[in-house]
Amino acid sequence: KLLNVAVKSTVLFTFIALSGLVIIFFILIGMITMTADNEVFNGIFWLHQVNHCLFSAICVYLRMGFTSKYYNKICKYPHNCCLNCVHRIAQRLWHKKEVQTEDVDL
């Protein structure tokens with residue numbers, strides 16, 4: 001159960017980080033090209049900021065325990081993928097520790 005909570009936090013944090021990277025990407029593209037008018041660029045920038053805040057608020061909401069039904073619908077596939085990766089890593093580490101313990105016992 002604790003592993004599911006950790007994976008849930010990781011998935012939601014990753015979504016927030018990716019949305020922030022999208023904002024930075026658009027800002028850099030806008031700064032490099034500067035083909036857009038300054039007001040248009042500012043409008044796009046603030047639109048992405050509002051979207052990022054909204055996305056962050058949704059992720060915080062989904063982090064609550066009473067929203068598990070919605071979380072399971074929205075984040076089912078990323079959660080399962082991350083959970084499988086964590087299981088594989090844990091099994092690999094557990095197996096290494098078992099092999100090291102057997103070597104010490106011999």
Side-chain angles (χ1 to χ4, degrees):
K1 186 169 180 159
L2 185 60
L3 189 59
N4 278 326
V5 172
V7 168
K8 185 177 188 177
S9 297
T10 302
V11 167
L12 293 174
F13 176 75
T14 303
F15 285 153
I16 292 171
L18 288 176
S19 71
L21 286 174
V22 167
I23 291 170
I24 291 172
F25 174 75
F26 279 114
I27 290 170
L28 290 176
I29 294 298
M31 289 173 71
I32 290 171
T33 59
M34 280 300 184
T35 56
D37 187 15
N38 195 25
E39 288 182 20
V40 173
F41 179 71
N42 283 337
I44 292 171
F45 171 76
W46 285 110
L47 179 66
H48 285 293
Q49 287 289 15
V50 169
N51 284 337
H52 180 67
C53 289
L54 180 64
F55 197 72
S56 296
I58 290 170
C59 286
V60 168
Y61 175 73
L62 288 174
R63 178 86 173 79
M64 304 298 170
F66 58 86
T67 61
S68 60
K69 179 176 130 181
Y70 299 115
Y71 175 81
N72 291 334
K73 283 184 181 179
I74 296 170
C75 302
K76 176 182 177 181
Y77 296 111
H79 183 88
N80 288 337
C81 180
C82 188
L83 188 63
N84 289 335
C85 289
V86 170
H87 275 292
R88 275 189 245 123
I89 291 169
Q91 287 174 347
R92 206 174 303 141
L93 290 174
W94 189 270
H95 180 68
K96 279 184 184 179
K97 286 183 180 181
E98 286 179 350
V99 169
Q100 288 175 354
T101 323
E102 289 175 3
D103 291 341
V104 171
D105 291 341
L106 294 176

Under the side-chain hydrogen bond (donor to acceptor under 3.5 Å, both in side chains) definition, can you give me all pairs with a residue in [range], not counting sequence neighbours?
| range | answer |
| --- | --- |
| residues 48-66 | Ser9-Arg63, Ser19-His52 |
| residues 20-30 | none |
| residues 64-74 | Tyr71-His79 |

Under a single-linkage rule joining Ile, Leu, Val, Met, Phe, Trp and Tyr whose side-chain heavy atoms are separated by less than 4.5 Å, which residues share a cluster with Leu47? none

Hydrophobic side-chain clustering at under 4.5 Å (ILVMFWY, transitive links): who's grouped with Ile16? Put none if nobody. none

Residues at least two apart in sequence or cross-chain that pass ring-ring contact (aromatic ring centres under 6.0 Å, His included) with Phe15, listed by chain then number, are none

Establish whether [X] and [Y] are linked, either directly or via other cluster members, by ILVMFWY side-chain heavy-atom contacts under 4.5 Å.
| X | Y | answer |
| --- | --- | --- |
| Leu18 | Val7 | no |
| Val60 | Val11 | yes |
| Leu83 | Phe13 | no |

Please give me the minimum heavy-atom distance between Cys82 and Thr10, naming the atom from each residue.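 Heavy-atom minimum between the residues: SG-CG2, 4.2 Å.
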
side-chain contact (heavy atoms from CB on, under 4.5 Å) assessment of Ile89 paired with Leu93: CA-CA 6 Å; Ile89 291 169; Leu93 290 174; 4.1 Å; yes

Could you give the distance from SG (Cys53) to CD1 (Ile58), rounded to the nearest 0.5 Å?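 With rounding to 0.5 Å, SG (Cys53) is 11.5 Å from CD1 (Ile58).
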
Distance check, rounded to the nearest 0.5 Å: Leu62 atom CG versus Leu12 atom CG? 6.0 Å

If you count heavy atoms of other groups shown closer than 6.0 angstrom to OH of Tyr77, is the number above 12? no

